Structure formats: structure tokens, C-alpha cells
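Structure record follows, encoded as C-alpha cells.
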Amino acid sequence: MSAAISHDTARRLRDLSEELRLEVLAGLSPEQIDALPYVWELWARPDQLPPPPPAGFPTWRTWLILAGRGWGKTKTGAEWVRSEAESGRRRQIAIIGPTADAVRRVQIEGPSGLLAVSPPNFRPSYEPSTRRVVWPNGSVAHLFSAEEPDRLRGPNLDGAWADEITSWADIDAVWDMLQMCLRVAGPKGDAPQAVVTTTPKPLPALKAIMKDPTTVTTRGKTMDNAPNLDPSTLAQLQQKYGNTTLGRQELEAELLEDAEGALWTRKMLDEARVPAPPEMRRIVVAVDPSGGSAAGNAETGIIVAGIDRNKNSYVLADLSDRYTPERWARRAIDAYYNHHADRIVCEQNFGGAMVESTIRAVDPRVPIKMVHASRGKVVRAEPVVALYEQHRVHHVGVFTALEDQQCQWEPDIGMASPDRIDALVWAITELALGVQAQPTRQIRLNIMAR
């Protein structure tokens, strides 16, 4: 039935205005009308159709689809397999999922699985006992569970669909075995190809696939498929997980990583996150001028933070950006008034007199405290990190840029600390640590003796 309407006609229908589309539909036969629901080119979004090859290569070897929940990954993978099998371009295709149950329940029998997307007059037969799906033209899909990588020893394959590889128990072993199986051309001479559909996780194997020059990566968010999803569910997901680490990974399909030597982790930040602050005892605006950053980085760190009566600190705002001196001074002063802060705290190591005079030129009434960095950045940051670990520092909401810097700054390899982190450290030090950011030598000796 799907062959009753050509791909060219489907593309024409997709691109026409509603009026012209009705004219074309009026000229189709009943058989062609019945076939329309199974013409993927008509219903797919452009990013759900196979991409062009990467530069310098005749075709892609891996099409990696990194997308959020509900984007349509399963349907896209199933439609690719169906198209390749029905056309006869591929005859020996692997379908691999995290478990045998997931392969059957999601990729084969699911609402967007292979059987559901296939037209009635060319529907393949599913043979659970032989772990195969067989089409009327002889094309075969062989079903594999990632729990059994050794079953991929031996088959000669010309195509594959790998689903949710970041959930595979041993992604390295299974992916390596699959690559060795993808070694024969299709009946029409097409080179072996694999489609990977998954939500991202910062796994070395996934990053290696992404870096392969023959990989083409498609990225997508849950909201890309909003017209086909329940509005109330979307609203609930956004309300509960929007901008959280879990939401950025599972809904926005961001590949979030904690650097190996980072002082903060996303888990640490998420566990101490709160939706709203209690009554504040003190509030400060901390500024780290751009002169203190690494060459080429003109960002000025501006962090607003407060402390409550229980000595818990709260990050209230991150206003950091690339500013001229007058602009950052005005931004900091506005934050001082808007948040009813006690003072503005500024680092004086880089142009101390100039920093203070810049603020006073805008508003001489604002109280300013100039602080001097007598210790290294890591030494200053470590007591603040300890407060995070004790759940005594909380982020009110999500601060994406700040949190990315916190979880990606690796001081052990000589990375300069970004200005957002410097401003954060000054703010929490002023509020919760004061001048005693570190124990004195005698206190440290007493602690070691316990």
C-alpha cells in the first residue's frame, strides 16, 4: 500500500499550501488515500528524515539521534528500518535494545514500533522464537539484546538500529561487536549504516561515536514534538524538571558532564536546590571584574547571595555577562537595590581603586567592601565547596551558566577559574565564612590531633 503513492508526491503534499494540498488529494485514488498514513515523508519533521552525508564522505555510517523523551526517536528509528527493508536496500538488519523485553515491547510491538508503522499490505511477520522480523520481499531484521553481546559474533549485517545505547549494560562490548558485524553492502550496493536513537549521557563510548567523522548527529528536544504530546503532561514536566540537570538531559537532550577534577558536581547542586528562599538575614552582591579573568575572557562575575538565620546561604541571582565598566557597575548597583542588599563586595586585586571609583561614579551612596585575594583560587573555593557538601549553600532555582562552570572547572590541570565562580566564592565567603575562610594553623593542628 505504501508504494501506491510516490515519495515525490508525499514531499509535494508536505510543502504545499492547504488549498493546493486539497486539490492534489482530490486527484488521488482511494488506494493512494489509504496509503497516506504510512508515507513517512509526509508526516515526518525534517530532522526525522535521514540526513545528508558528512563533509568529505559519500555517506554517513552512523546517524546518531540524541533527543529528549517524546521527541519521536522510536518512530524515527522504526521508519528508517521499514524504509530500508521495504525498498530492498538492506536485507540483513540488526535491531538492538537494552533488553530483550525492551526490543519486543518498544521497538517491535510498541505504539511507534516496527509493526505499528508498517502498512497492512506489506506488514512483516514477527517471529519471537527465532528473534526475527521478516518482510514479504525477504528482508530480515535480527533482534538482539544488549545484555548478550556475544550473540553479535558472526552475523553479516548491512544495517542496524540501536536504541537507548546509554542504557546498555556494556555499551563498549556491544557497540564493538556491532561494528564488526556491519561489514557487507546492501543488495543495491549501499554501504552498511546504523541508526542510533538515545537520550544522552556523558559516557566515553557515546562521545567516541559523536567524534567519529562518519557520524552525523541530530539533536532534538521534547518540545519539538509538542503537537503530538499531551499538553498537561508537558506542562507538568516543564514545571518539575525544567532547567534541572535531569530535565536538561532527559527533555532538552543536553550532554551534561562533570569534569573529572571539578570541585562541584551536578548531583551536589541538585540535592541542595530550593524553589524559593526563606527570609534573609543578610544579602550581598559580589562582583569579580573582568580584569581578573584569563586573557580573552571579558566576562564580569556578578552574583547575588543571602544568608538566613540558620546560617544557610542562598544563591539568589547570577547577573554575570560581558559588560563595559559602566554597565557592570550599573548592573551591580541595580541588583543592590532590587534585592535590598547590605553591600557590594568587589575584588581589589585587579584595578582595586578603579573598581571602587567605577561604582561610586554611578552611585556614591552604595556601601562597598573591597576584598583582597591573599590566597589562591582553589584555597578560597574549597571552604565554599565544603558548605555545599554540607547542604548549607542552596541555589534558588537554576543558574545554568554558573552551574556549568562549577562542574567543568578543573583547577588541578591549571584551568583559570571563571568569573562567575570567583564572584560566587566572594559572596559565600562574605556571608558564611568572613575573614576565617580557613582555620588558623593552630586550629588545623588541633583538628589533626583528634
Side-chain angles (χ1 to χ4, degrees), residues 61-86 90-118 123-135 138-184 186 192-210 212 215 249-250 253:
R61 181 172 176 85
T62 304
W63 178 17
L64 175 61
I65 301 174
L66 291 179
R69 303 286 186 93
W71 179 87
K73 299 187 298 295
T74 300
K75 188 169 179 62
T76 301
E79 290 283 4
W80 181 81
V81 170
R82 173 203 157 199
S83 175
E84 297 298 298
E86 285 185 359
R90 303 187 192 280
R91 289 299 180 94
Q92 303 294 326
I93 306 171
I95 295 180
I96 312 172
T99 64
D101 177 67
V103 173
R104 176 191 60 78
R105 181 173 43 83
V106 178
Q107 295 174 269
I108 305 304
E109 297 183 333
S112 297
L114 200 52
L115 299 181
V117 304
S118 298
R123 183 161 293 161
S125 60
Y126 173 34
E127 303 175 357
S129 61
T130 61
R131 301 187 184 186
R132 299 193 313 169
V133 176
V134 182
W135 278 264
S139 295
V140 179
H142 304 271
L143 312 184
F144 298 91
S145 165
E147 297 173 313
E148 302 175 288
D150 283 345
R151 285 195 62 238
L152 280 163
R153 294 182 180 275
N156 290 317
L157 303 172
D158 52 21
W161 170 26
D163 190 46
E164 295 297 353
I165 63 171
T166 58
S167 299
W168 291 3
D170 191 345
I171 180 175
D172 295 286
V174 181
W175 185 255
D176 287 342
M177 290 295 100
L178 175 60
Q179 298 312 298
M180 295 177 185
C181 291
L182 289 169
R183 56 178 181 253
V184 296
Q193 291 181 312
V195 173
V196 177
T197 52
T198 189
T199 48
K201 290 181 184 178
L203 303 178
L206 178 61
K207 289 185 281 186
I209 294 171
M210 296 175 69
D212 191 306
T215 296
Q249 175 178 284
E250 299 294 326

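Keep in mind that what you see is a predicted model, and the values were worked out from it rather than measured.
- Taking each heavy atom of Val103 and Ile96 in turn, the nearest pair found is CG2-C, 4.2 Å.
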Checklist entry - Could you go step by step and tell me if Leu143 and Tyr126 meet the side-chain contact (heavy atoms from CB on, under 4.5 Å) rule? => result CA-CA 10 Å; Leu143 312 184; Tyr126 173 34; 3.6 Å; yes
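- Looking at Glu164, its side chain does come within 3.5 Å of a backbone N or O of Thr199 through a donor-acceptor pair.
- Annotation: the span from Thr76 atom OG1 to Lys73 atom NZ amounts to 9.0 Å, rounded to 0.5 Å.
- The closest donor-acceptor contact from the side chain of Thr197 to the backbone of Ile65 lies at 3.5 Å or more, if one exists at all.
- A distance-only check finds no donor-acceptor pair linking the side chain of Arg151 to the backbone of Glu148 [under 3.5 Å].
- Rounding to the nearest 0.5 angstrom, the gap separating the CD atom in Gln92 from the OG atom in Ser139 is 8.0 Å.
- For Arg90 (side chain) and Gly186 (main-chain N/O), no donor-acceptor pair under 3.5 Å exists by modelled atom type.
- Phe144 and Pro155 make their closest contact through CZ-CG, 4.1 Å (heavy atoms, listed as atom of the first residue, atom of the second, distance).
- Note: Asp158 CG to Glu84 CD = 8.5 Å, rounded to the nearest 0.5 Å.
- Side-chain contact, Glu127 with Thr130: a donor N or O sits under 3.5 Å from an acceptor N or O.
- In this structure, Asp163 contributes its side chain and Pro98 its backbone to no donor-acceptor pair below 3.5 Å.
- Side-chain atoms of Thr166 and Thr198 include a donor-acceptor pair closer than 3.5 Å.
- Checked by atom type and distance alone, the side chain of Arg123 pairs as donor or acceptor with a backbone atom of Ser118 at under 3.5 Å.
- What you find for Ala194 and Leu182 is that their closest heavy atoms are CB-CD1, 3.9 Å.
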